[in-house]
Structures are given as structure tokens and as C-alpha cells.
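We count residues from 1, following the sequence as given.
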Amino acid sequence: MSRLFMFEKPLGMRDTLPGLYEKKHRVRSRMAETMKLWGYQFIETPALEYYETVGAASAIADQQLFKLLDKEGHTLVLRPDMTAPIARVAASKLLDEDLPVRLAYSANVFRAQQREGGRPAEFEQIGIECLNEDTVSCDGEAIALLISSLKKVGLSEFQVSIGHVGFAQELFVQILGTNGRADALRKFLYEKNYVGYREHVNSLPLSSIDKQRLLQLLQLRGGEEIIGQALDIIENDKGKQAIVELKELWDVIKDYGVEQFVKFDFTIVSHMSYYSGILFEAYAGNVGFPLGNGGRYSLMEKFGKAASATGFAVRIDMLLEALGSSEVENTTHCIFFSQERRKEAFLMASNMHEQGKKAVLQDITGVKNLDAFTKRFSGTTYLIGGSADE
């Protein structure tokens with residue numbers, strides 16, 4: 001084996017060592033339990049999907065897909081998100097009775113990176129999908145559940161920003177005339193490049209009034225008072241309908257009692273083409289990227305079902321970064337034993353396991369540095385051997 005690749009990993013791939021794994025497990029378990037309490041059932045889908053179905057429906061850029069061929073020559077992809085696979089399953093097996101379906105998942109997704117930049121090509125998402133339900137109440141439920149899940153894992157300082165895909169879309173098309181001309185502005189907003197957005201708007205051959213309306217969009221971030229300001233810069237009915245939905249959503253959020261965690265942000269857009277309504281993103285102060293995001297989408301049509309849905313996904317790695325460097329206490333006990341008292345040690349460990357306690361068995365002759373080894377365990381160390389029992 002070439003020494004160059006002996007310890008290397010493919011671009012963007014990461015190892016998860018025991019300490020980090022335990023942190024991820026704790027966060028994942030607490031969020032999953034919260035989702036179950038809200039009536040969401042967990043589902044698993046294959047890591048490999050067909051490119052022509054899930055790969056095409058995912059709305060992830062083609063150059064970010066990991067592709068391979070099966071033995072029949074079909075192009076497969078490692079799933080780049082979980083929304084499209086769940087839409088496939090739901091459309092084929094779960095929506096026959098035309099009733100709302102609540103699903104949850106925790107899974108790794110794969111998106112190829114063209115350069116390292118510290119960004120993983122494989123990362124874990126945990127999230128929910130509320131399918132075949134098109135009410136604003138369902139959008140509010142997803143946001144309230146997101147907030148409840150983040151609080152459950154110990155995150156106390158965060159914000160969920162909510163917007164609507166239809167507002168900026170209608171404003172841009174109304175002023176610029178075509179979707180093509182609006183794409184540049186949407187790209188600036190998606191990248192949070194507000195300086196570039198302002199410079200681009202000022203360079204456009206528009207009236208001063210229209211330029212001012214486009215620039216005012218950047219100010220539409222805040223509480224309930226932003227609703228009136230948004231109405232001042234939009235003129236067509238579709239844009240106003242987006243504001244009506246956001247106002248109704250705000251009332252739902254207040255009824256859940258979580259409005260202190262929520263702000264409006266009319267600049268939110270998404271690179272996912274299937275989003276069709278309310279959008280939201282979760283942020284924490286010490287993380288520069290969203291911990292999670294979600295919203296209303298229309299994707300089941302691609303799998304033959306006319307059904308709307310809403311959902312969200314949280315990135316476990318981003319959430320761990322937001323939670324900080326707190327250590328997970330290792331309450332494992334260590335039982336050292338000598339050969340003549342091995343059976344006694346095994347019995348002690350068995351009794352501890354039955355009581356739900358963690359216990360490691362270690363032949364004392366297999367440890368060269370006893371002090372260093374025992375420092376790995378916060379539980380009591382038991383030494384069974386000769387006359388040196390503790």
C-alpha cells in the first residue's frame with residue numbers, strides 16, 4: 001500500500017473518534033426522543049439511490065453528487081439529502097389513504113466538495129417531514145418542534161429566521177421582468193452577500209424608486225412590525241399572499257409560545273428549487289452557518305403524487321459547534337483482574353451490566369501503564385487479583 005494514502009481520507013471525509021461520537025449520540029438521541037413525542041415516526045432509506053429519480057429530484061447541484069454505476073449500467077448516487085428519498089417512499093407506499101403522514105430520520109448525506117475548505121462531504125442530518133398537509137398550522141408545528149428539539153439538547157441562545165420564497169421572487173420578477181434577471185439577486189441573498197447585492201442593484205438600469213424598493217428588502221428583518229413594511233414595497237397579489245401566510249404563521253407561533261426565538265427575514269432564499277412557500281433557518285451566535293433549515297415544498301409531484309409537505313433538517317456537526325466543547329462524562333467503571341480471579345471479575349461486571357452500569361473488563365497483564373489507562377474512566381476502578389483488591 002502506498003504510504004501517501006495509508007492514513008489519508010477522500011476529500012471532505014472525516015473520522016469520528018469516541019469522544020465526538022458520544023456527543024453526537026447524546027444530541028441525536030435527545031432530538032429523536034422529542035420528535036417521537038410529537039408523533040413523528042422514524043424511517044430509513046438506502047444510502048444509494050437512482051440518479052434519474054432521487055438524484056434529479058434532490059435539487060443538489062450535479063457536480064456535488066457522488067455517482068457510480070451498478071452492474072446493469074444504471075447510474076446511482078449517494079443520497080445528497082433526505083427529503084427526496086422520503087418523498088419517493090411516501091409517494092409509493094405511505095400516501096394511499098390521502099392522510100397526513102409525519103416522518104423523521106437521522107442519516108448521513110453526501111455532497112462532493114471541489115476543495116477542502118473545512119467543509120465535510122459526508123455529514124449527518126436529523127429532521128422531520130410532515131407530508132400531505134398544506135396548512136400554515138403544519139408550518140408552525142415544524143418550527144415549534146425545531147425550537148423544542150434545540151432546547152432539549154441544551155441550546156439556549158439561538159434564533160429561527162422565517163421568510164417566504166414567494167416574496168422576494170415576486171418582488172424581483174415584478175421589478176426586473178424575468179426570472180433570469182432575478183437569479184443574480186437571489187444568488188447574492190443566498191450567499192448572504194449583502195454588499196454585492198447593493199452594488200448590483202445600484203448598477204441596474206432602474207428608476208430610483210425601484211432601486212429603493214429592492215434595497216429596502218434588506219431591511220425587512222425583525223419582529224411583527226416588519227409585516228407592514230413588507231406590504232409597502234410589494235404590489236402584486238402573489239407577493240401580498242406570502243405576507244398573509246407569514247402573518248398567519250406568526251399567530252400560530254405565538255400560540256405555541258415560542259415567539260421569543262423567532263424573527264422575520266424576508267431576504268431568505270434557497271438553492272433548493274422545490275421550496276414553494278414558507279422558509280426558515282436556525283442560527284446560533286457562535287456558528288457562521290445555519291444549524292438547520294426547512295420550509296414548505298412541492299416535491300411529491302416528481303414521484304406521481306400531488307401532495308404538499310413541510311419539514312426541516314438539522315446538521316449535527318453544526319449543532320455540536322453551537323453547543324460548544326462541553327465534555328460527555330464517561331461514567332464507565334474499570335475492573336482489572338488477574339488470571340486466578342478472572343471468574344470473580346466477570347461476575348462483578350455482569351452484575352453491573354444488569355444494573356445498567358458501564359463496566360470494562362481488563363486483564364491486568366495486558367496494560368503496561370496502569371495509571372494512564374485508569375485516567376480514561378471516571379467510574380470506580382476495581383482491582384481483583386492477589387491481595388491487591390479494592
Side-chain angles (χ1 to χ4, degrees), residues 1 6-7 9 13-47 103-109 120 122-128 148-156 314-390:
M1 179 182 292
M6 185 178 295
F7 301 112
K9 300 176 294 296
M13 297 299 176
R14 301 285 185 271
D15 295 316
T16 301
L17 300 182
L20 179 58
Y21 182 91
E22 286 300 318
K23 293 179 184 178
K24 290 174 68 175
H25 175 72
R26 179 181 62 178
V27 166
R28 182 192 311 116
S29 297
R30 291 180 178 178
M31 294 193 76
E33 186 58 35
T34 302
M35 293 168 181
K36 290 177 183 178
L37 290 174
W38 285 55
Y40 286 80
Q41 297 178 297
F42 273 77
I43 187 174
E44 290 183 343
T45 67
L103 300 175
Y105 59 86
S106 177
N108 286 11
V109 298
E122 178 185 9
F123 53 89
E124 184 177 355
Q125 291 182 332
I126 184 169
I128 59 99
S148 179
S149 300
L150 294 177
K151 290 171 63 179
K152 183 66 175 180
V153 300
L155 195 64
S156 57
V314 174
R315 283 189 51 164
I316 297 294
D317 57 345
M318 295 294 183
L319 180 53
L320 288 174
E321 185 176 343
L323 289 168
S325 58
S326 60
E327 294 295 325
V328 176
E329 185 180 2
N330 182 3
T331 56
T332 303
H333 300 273
C334 183
I335 303 172
F336 290 101
F337 63 89
S338 60
Q339 294 298 314
E340 64 270 17
R341 305 196 56 186
R342 180 174 56 205
K343 185 174 182 179
E344 183 181 347
F346 290 178
L347 180 60
M348 177 182 287
S350 178
N351 290 335
M352 295 179 74
H353 294 159
E354 289 180 0
Q355 297 171 28
K357 297 179 181 179
K358 300 177 183 177
V360 169
L361 284 160
Q362 177 60 53
D363 188 328
I364 196 168
T365 62
V367 179
K368 296 180 180 179
N369 189 330
L370 191 63
D371 290 338
F373 190 82
T374 56
K375 287 179 181 179
R376 297 181 180 181
F377 307 96
S378 62
T380 305
T381 299
Y382 300 88
L383 188 62
I384 299 178
S387 59
D389 296 350
E390 290 187 3

Applying side chain to side chain contact (heavy atoms under 4.5 Å, CB included) to Thr374 and Val367, what does each step give before you reach the verdict?
CA-CA 10 Å; Thr374 56; Val367 179; over 6 Å; no
Would you mind reporting whether [Y] and [X] have side-chain heavy atoms less than 4.5 Å apart?
{"X": "Thr381", "Y": "Ile335", "result": "no"}
{"X": "Val360", "Y": "Phe377", "result": "yes"}
{"X": "Lys368", "Y": "Phe373", "result": "no"}
{"X": "Gln125", "Y": "Ile316", "result": "no"}
{"X": "Ile384", "Y": "Ile364", "result": "no"}
{"X": "Met31", "Y": "Val27", "result": "yes"}

Over all heavy atoms of both residues, which pair between [X] and [Y] is shortest? Give the atoms and the distance, please.
{"X": "Pro120", "Y": "Phe123", "result": "O-CD2, 3.9 Å"}
{"X": "Tyr105", "Y": "Ile128", "result": "CE2-N, 3.9 Å"}
{"X": "Ser148", "Y": "Thr34", "result": "OG-CG2, 3.6 Å"}

Could you pull out all residues at least two apart from [X] that satisfy side chain to side chain donor-acceptor pair (under 3.5 Å)?
{"X": "Arg342", "value": "Gln339"}
{"X": "Thr45", "value": "none"}
{"X": "Ser106", "value": "Glu124"}

Apply side chain to side chain contact (heavy atoms under 4.5 Å, CB included) to Ser29 and list each qualifying residue two or more places apart in sequence or on a separate chain.
His25
Just to verify, what does Asn369 make a side chain to side chain contact (heavy atoms under 4.5 Å, CB included) with, not counting sequence neighbours?
Asp371, Ala372
Quiz: residues 346-356 side-chain donor-acceptor pairs under 3.5 angstrom, not counting sequence neighbours:
residue: Asn351; atom: ND2; partner: Leu347; partner atom: O; Å: 3.4
residue: His353; atom: ND1; partner: Ala349; partner atom: O; Å: 3.3
residue: His353; atom: NE2; partner: Ala359; partner atom: O; Å: 3.1
residue: Gln355; atom: OE1; partner: Lys357; partner atom: NZ; Å: 3.4
residue: Gln355; atom: NE2; partner: Asn351; partner atom: O; Å: 3.4

Indicate yes or no: does Arg30 engage Glu33 in a salt bridge with an N to O separation below 4.0 Å.
no
Between CZ on residue Arg26 and CG on residue Leu323, distance to nearest 0.5 Å:
7.5 Å
To the nearest 0.5 Å, what is the distance between CG on Leu370 and NZ on Lys375?
11.0 Å
Expected output: side-chain His333 to main-chain Thr380 donor-acceptor under 3.5 Å:
yes
If you take the centroid of each ring, where Trp contributes its six-membered ring, are Phe337 and Tyr382 closer together than 6.0 Å?
no
